[in-house]
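The structure under discussion appears below in the form of structure tokens.
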There are 2 protein chains.
Amino acid sequence: MAKRRRVANLLALAVLTVAGQRPMHPYEMASVLRARGKDEDMPIKWGSLYTVVRNLEKHGLLEAVESGRQGGRPERTVYRVTDAGREEADDWTRELLSTPVREPSSFVAGLSVMGGLGPDEVMALLRERLEALERRLDAARRALEGERAQLPRLFLVESEYAIAMCEAEAGWVRGLLAELTEGTFPDLDGWRAYRRTGTVPPEVADLAERGRPAD
Amino acid sequence: MAKRRRVANLLALAVLTVAGQRPMHPYEMASVLRARGKDEDMPIKWGSLYTVVRNLEKHGLLEAVESGRQGGRPERTVYRVTDAGREEADDWTRELLSTPVREPSSFVAGLSVMGGLGPDEVMALLRERLEALERRLDAARRALEGERAQLPRLFLVESEYAIAMCEAEAGWVRGLLAELTEGTFPDLDGWRAYRRTGTVPPEVADLAERGRPAD
DNA sequence: ATACGAATGCTCGTCTGCGAGTATACGGGC
DNA sequence: GCCCGTATACTCGCAGACGAGCATTCGTAT
């Protein structure tokens with residue numbers, strides 16, 4: 001827990017993992033990762049690949065093995081994971097699995113500023129989101145069923161999790177939407193008034209001292 | 001949907017929102033945002049505050065109103081949101097609410113590389129995570145109940161959502177853990193073998209062509 | 001044979017994120 | 001009246017991230 005990871009980009013973990021199977025040159029890592037769909041499990045930007053690889057090498061987690069050309073192609077450097085690299089990857093994986101981190105999604109951000117829009121507009125937006133979520137769920141479920149035949153369960157777990165979270169979100173949105181539509185959400189008119197006038201009732205302005213518990 | 005946001009950092013949205021209530025100088029924005037707990041709804045780094053404010057000004061979303069010193073304090077510049085700024089904030093909010101985005105959490109990343117660890121270690125790690133999640137849920141629920149008395153529902157929605165998602169995750173982890181402990185998860189021994197030998201059965205190596213549906 | 005589009009494999013420059021540091025002012029204990 | 005801790009208010013500089021572009025090669029239709 002002491003020092004931050006020397007190469008913090010998650011792409012680095014992906015690289016260590018994939019190059020752990022056999023030595024590879026960067027472009028091959030990219031292809032394999034893409035083919036395995038890892039780019040959907042991590043926020044991977046391919047523009048960062050060579051920077052990350054170079055950094056991994058600089059910190060001794062990856063080492064160049066061979067550097068030659070084949071055919072007329074530009075020079076390729078093949079990298080191998082070092083022992084330190086393997087250890088780093090394992091340790092990183094352990095941390096990711098064992099330690100939940102607060103990662104506010106952009107939806108939370110949206111919810112937390114939605115007061116600025118009126119409740120009616122918010123309803124419309126949420127309906128839109130709900131439809132999108134359902135389309136996505138549908139596609140994901142279908143894809144998962146297709147892959148079940150091909151791949152061991154171990155490789156499908158991330159997809160199952162993603163689907164579960166997506167379902168949970170959809171359910172929650174449906175609930176909120178129901179409250180809004182049926183008018184059981186408290187003080188919709190106050191909210192509408194706030195939208196028009198921009199004024200918060202003074203006692204609410206004191207929300208400045210919202211207590212927050214220690215983590 | 002055409003052009004990317006001129007200032008992409010979510011801190012900018014927070015700034016626009018808070019300065020929309022009344023003109024403020026940067027440090028005051030920070031205090032108010034912190035006091036309202038917005039820093040838990042968005043990935044806010046205070047080091048970026050002044051950069052972000054300057055960028056907002058550069059793009060005409062914020063404008064300097066007054067710039068003087070009081071007491072012996074360093075000079076402060078007070079900013080006001082422009083019409084363009086208000087519009088940008090609303091539009092951004094709409095997008096955040098209506099459009100779900102894939103934001104792979106670090107847990108997904110962990111799941112997608114957990115094959116490298118053995119199943120037994122994974123079980124231990126997941127148990128650890130589950131406990132942490134439950135502690136966090138407990139604290140969050142308690143805090144929410146406390147705030148219910150003070151604040152209108154509108155300001156609590158984000159917390160409710162966060163709790164719901166946390167519950168969903170905990171439930172899913174419990175499920176996976178049960179499968180692992182009871183041995184109903186398929187081919188645990190294959191997994192253990194892979195861990196030791198580092199060899200993947202060749203037919204699985206073809207997972208390289210995992211089909212992915214279009215979004 | 002040849003032309004053209006797609007795939008391969010990589011580089012570069014910009015932009016900005018953000019951690020760490022700094023400097024002053026105020027309050028309150030002794 | 002002095003000192004120290006804490007709050008206030010910012011500045012700086014480096015390290016990455018990553019979009020866009022570039023050069024080469026291969027496949028294939030003509």
Side-chain angles (χ1 to χ4, degrees), chain A residues 2-15 18-19 23-35 39 42-59 61-62 64 66-79 103-104 109 208-209, chain B residues 2-15 18-19 23-35 39 42-59 61-62 64 66-79 103-104 109 208-209:
Chain A
K3 76 234 173 280
R4 258 186 327 297
R5 311 227 91 94
R6 10 283 273 38
V7 186
N9 198 327
L10 270 180
L11 175 53
L13 178 58
V15 162
V18 82
M24 289 186 190
H25 56 102
Y27 193 85
E28 191 182 1
M29 301 172 193
S31 318
V32 174
L33 285 173
R34 229 180 319 229
D39 52 339
M42 298 172 181
I44 287 183
K45 308 296 152 114
W46 298 117
S48 313
L49 180 61
Y50 290 83
T51 316
V52 160
V53 167
R54 216 171 307 125
N55 283 350
L56 286 172
E57 188 184 15
K58 193 172 69 190
H59 289 93
L61 305 176
L62 219 53
E66 162 200 354
S67 172
R69 51 183 67 239
Q70 359 207 12
R73 300 286 183 67
E75 178 138 2
R76 302 162 325 167
T77 310
V78 175
Y79 293 92
E103 288 167 326
E209 255 56 28
Chain B
K3 75 237 176 278
R4 258 185 327 297
R5 310 227 94 92
R6 13 286 265 26
V7 186
N9 198 326
L10 269 180
L11 175 52
L13 178 58
V15 162
V18 83
M24 288 186 191
H25 56 102
Y27 193 86
E28 192 183 0
M29 301 172 192
S31 317
V32 175
L33 286 172
R34 230 179 320 226
D39 53 338
M42 297 171 183
I44 287 183
K45 309 296 153 114
W46 298 117
S48 314
L49 179 62
Y50 290 83
T51 316
V52 160
V53 167
R54 218 171 305 125
N55 283 351
L56 285 172
E57 190 186 13
K58 194 172 68 191
H59 290 92
L61 305 176
L62 221 51
E66 163 201 356
S67 172
R69 53 182 66 240
Q70 0 207 8
R73 300 286 182 67
E75 178 138 1
R76 301 161 324 166
T77 310
V78 176
Y79 293 91
E103 289 168 323
E209 255 53 30

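Not measured: the values here are computed from a predicted model.
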Could you state the atom-to-atom distance from [atom1] of [X] to [atom2] of [N] in whole Å?
X	N	atom1	atom2	value
B:Met29	D:dA9	CE	P	12 Å
B:Ile44	C:dC18	CD1	C1'	13 Å
B:Leu10	C:dG17	CG	P	11 Å
A:Glu28	C:dA7	CD	C1'	15 Å
A:Leu56	D:dG16	CG	C1'	13 Å
A:Tyr79	C:dG9	OH	C1'	13 Å
A:Arg5	D:dA15	CZ	P	20 Å
B:Arg54	C:dC18	CZ	P	15 Å

From C-beta outward on [X], which listed nucleotide comes closest to its side chain: [options]?
X	options	answer
B:Tyr27	D:dC18, D:dC10, C:dC10	D:dC10
B:Lys45	C:dG17, C:dC18, C:dC10	C:dC18
A:Tyr50	C:dG17, D:dG16, C:dG9	C:dG9
A:Thr51	C:dT11, D:dC18, C:dT8	D:dC18
A:Val52	C:dG17, C:dC10, D:dA17	D:dA17
A:His25	D:dA17, D:dC10, C:dC10	C:dC10

Using atom types as modelled and distance alone, determine if a side-chain donor or acceptor of A:Ser31 lies under 3.5 Å from a backbone N or O of A:Tyr27.
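The answer is yes, because a donor-acceptor pair under 3.5 Å joins these two groups.
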Any side-chain N or O of A:Ser48 under 4.0 Å from OP1/OP2 of D:dA17?
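False: A:Ser48 side-chain N/O out of range (4.0 Å or more) of D:dA17 OP1/OP2.
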Strictly below 4.0 Å: does A:Asn9 bring a side-chain N or O up to OP1 or OP2 of D:dA17?
yes
Distance from B:Leu13 atom CG to B:Leu61 atom CG, nearest 0.5 Å?
11.0 Å
CZ of B:Arg54 to OG1 of B:Thr77: how many Å apart, nearest 0.5 Å?
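Between atom CZ of B:Arg54 and atom OG1 of B:Thr77 there are 10.0 Å.
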Check side chain to side chain contact (heavy atoms under 4.5 Å, CB included) between A:Glu28 and all other residues, then give those that pass, not counting sequence neighbours.
A:Arg22, A:Met24, A:His25, A:Val32
What one should report as the nearest heavy-atom pair of A:Tyr50 and A:Pro26 is CE2-CB, 3.5 Å
Let me spell it out: for each of B:Lys58 and B:Trp46, pick the nucleotide of DNA chain C with the closest heavy atom. Which residue's pick is nearer the 5' end?
B:Lys58
